[in-house]
Q: 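This is the structure I want to talk about, given as structure tokens.
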Amino acid sequence: MRIGIPKEIKNNEFRVAMTPVGVELLTKQGHEVFIETTAGEGAGFLDEDYQSKGAVIVPEARDAWEAEMVIKVKEPLASEYRYFRDDLILFTYLHLANEPKLTEALKEAKTTAIAYETMVGADGGLPMLHPMSVIAGRLSVQVAAHYLQKPMGGSGALIGGVPGVKNGKVTIIGGGVSGQNALQIAKGLGAHVTLLDIRAEVLTQVEADYGHEVVTQISNEVNIREAIKDADIVVGAVLIPGRKAPKLVSEDMVKQMKPGSVIVDIAVDQGGIFETADLVTTHDDPVYERHGVLHYAVANMPGAVPRTSTIALTNVTLPHAVQLANRGVKKAAERDHTLYSGINLYDGKLTNLAVAETFGYEY
Ligand code: NAD
């Protein structure tokens, strides 16, 4: 199969869909890989690195998009919609629940669109989201601690405190992959941590891991209000797969937070859980203030660490890309149930239930 890898064009997105090692594994099986020039540069992979693994370097995005299958990192932007065709397989993060225009464009073109984020593993987990959620979770607290500094506009509190000075408080809403990785870093920095989730088993597991060093609470409106009002950092790490994130933190709750505290809405790529996180930001200008509280709402947080992210992403996408390349969509999906669950659009139809329901289709 001919496989295209265009350069990512989203603001400050330095990841690339595949490492040279990934390319080598594809070309060794007889596939042709066309990579747009400098696509890997931001992640530290040069054109020569890819060429030495058998890739063809192409000068324009258009040349990569001409392939039978395009592998990407982020959802296509409006300027890329013109490349959609009915004989194209697009394998990437799509987050369609939050992207009605993109969904329409793919539907109209009858492009086969396979979304990493809806692919479900044998254990019921989300293997393509997992590594990026690990990264976003770990970054969230690191970034928030940075913005808590006075020169960055924050309250001027050191999250871990010092001997004789109480540590700060981190509240994490959602205790899945990103939430638990945020927890790990928050504990590492010496913060006092409260974690909320609607699933009791998550709270049980956190207690098993951390004992009484972490306060766990079931997630509801009352507990959220209580847990964030004295927090220095609040991390939103909620996911309902394929759906828009629920607005769990109202404007009124944010008004009650301490001045100079920091919100990181990791779930902003699904619409966000904070009513006040009404702007999606970029790495260029990541933070804004509402009611004295700093809001960090970058939808592609792992883009800040493209080297780590690109390798971590290739680790999980490659086996499925190989299946697609070797067998084509239909046969690959028959054998690979994880891949099957990622098909969001096929022949002009929405084929993912949660995404379809978001757009008002009934089952
Ligand atoms: P996950 O499925 O591992 O965890 C989500 C958790 O939210 C689950 O434990 C679930 O029980 C919990 N939850 C659901 N409803 C809740 C509620 N009402 N209150 C509290 N908890 C609730 O998901 P994840 O992998 O951690 O991803 C979280 C979000 O982060 C997703 O929207 C994902 O797309 C996003 N994400 C964003 C970035 C970024 O750069 N901004 C990067 C990676 C992931």
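First listed ligand is number 1; within each ligand, the first listed atom is number 1.
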Q: Once you restrict to heavy atoms under 4.0 Å, what part of A237 touches ligand 1? Side chain, backbone, both or neither.
A: backbone
Q: Step by step, work out the salt bridge (charged side-chain N to carboxylate O under 4.0 Å, His left out) result for D252 and R225.
A: CA-CA 9 Å; D252 183 47; R225 183 182 292 274; 3.1 Å; yes
Q: Could you check whether any side-chain N or O of N181 sits under 3.5 Å from a backbone N or O of S178, counting only pairs where one atom can act as donor and the other as acceptor?
A: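 Looks like no, no N/O pair under 3.5 Å.
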Q: For ligand 1, which atoms have a heavy atom of A299 less than 4.0 angstrom away?
A: 39 (C), 40 (O), 41 (N)
Q: Knowing that exactly one of V33, I3, V56 qualifies, which makes a side chain to side chain contact (heavy atoms under 4.5 Å, CB included) with T27?
A: V33
Q: Provide the number and element of each atom of ligand 1 under 4.0 Å from a heavy atom of H95.
A: 34 (O)
Q: For the pair R290 and D278, find out whether any cationic side-chain nitrogen is under 4.0 Å from an anionic carboxylate oxygen.
A: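 Yes, charged N to carboxylate O under 4.0 Å.
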Q: Report the member of I266, L203, I273 with the shortest heavy-atom distance to atom 41 (N) of ligand 1.
A: I266
Q: Of all the atoms in ligand 1, which lie at a distance below 4.0 Å from a heavy atom belonging to L248?
A: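 Checking each atom against L248, I get 17 (C), 18 (N), 19 (N).
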Q: Mind checking whether R199 has an N or O less than 3.5 Å away from an N or O of ligand 1?
A: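 Yes - when backbone and side-chain N and O of R199 are compared with those of ligand 1, one distance drops under 3.5 Å.
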Q: Are any side-chain N or O atoms of T281 and backbone N or O atoms of Y296, one a donor and one an acceptor, separated by less than 3.5 Å?
A: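 No: the side chain of T281 does not pair with the backbone of Y296.
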Q: Any donor-acceptor pair under 3.5 Å linking the side chain of K107 with the backbone of Y346?
A: no
Q: Looking only at distance, does S133 have an N or O less than 3.5 Å from an N or O of ligand 1?
A: yes
Q: I need the atoms of ligand 1 closer than 4.0 Å to a non-hydrogen atom of N300, numbered in the order shown.
A: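 Heavy-atom distances to N300 below 4.0 Å select 40 (O).
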Q: Between F14 and R307, is there a cation-pi geometry (under 6.0 Å to ring centre, at most 45° from the normal)?
A: no
Q: Check each heavy atom of D269 against ligand 1 and say whether those closer than 4.0 Å belong to the side chain, the backbone, both or neither.
A: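 The part of D269 near ligand 1 is the side chain, not the backbone.
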Q: Below 3.5 Å, N or O to N or O, backbone or side chain included: is there any such pair between V268 and ligand 1?
A: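 Among all N and O atoms of V268, none is under 3.5 Å from an N or O of ligand 1.
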Q: If we set the cut-off at 4.0 Å for heavy atoms, which region of M301 has an atom near ligand 1: side chain, backbone, both, or neither?
A: both
Q: Below 4.0 angstrom from a heavy atom of V298, which ligand 1 atoms are there? Numbered from 1 as shown, please.
A: 39 (C), 40 (O), 41 (N)
Q: Tell me whether ligand 1 is touched by P302 - counting only heavy atoms on the residue side and a distance under 4.0 Å.
A: yes
Q: Under 4.0 Å from any heavy atom of A136, which atoms of ligand 1 are there?
A: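 Checking each atom against A136, I get 38 (C), 42 (C), 43 (C).
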Q: Under 3.5 Å between some N or O of ligand 1 and some N or O of V202?
A: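 No: no nitrogen or oxygen of V202 is under 3.5 Å from one in ligand 1.
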Q: Determine yes or no for a side-chain-to-main-chain donor-acceptor pair under 3.5 angstrom, with Q270 supplying the side chain and R243 the backbone.
A: yes
Q: Does E117 come within less than 4.0 angstrom of ligand 1, counting non-hydrogen atoms of the residue?
A: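 Per 4.0 Å heavy-atom rule, E117 does not contact ligand 1.
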Q: Look only at the side chain of N223 and the backbone of S219, and say whether a donor-acceptor pair between them is shorter than 3.5 Å.
A: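 Answer holds: no.
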Q: Could you tell me the separation between the CD1 atom of I114 and the OG1 atom of T338, rounded to the nearest 0.5 Å?
A: 12.0 Å
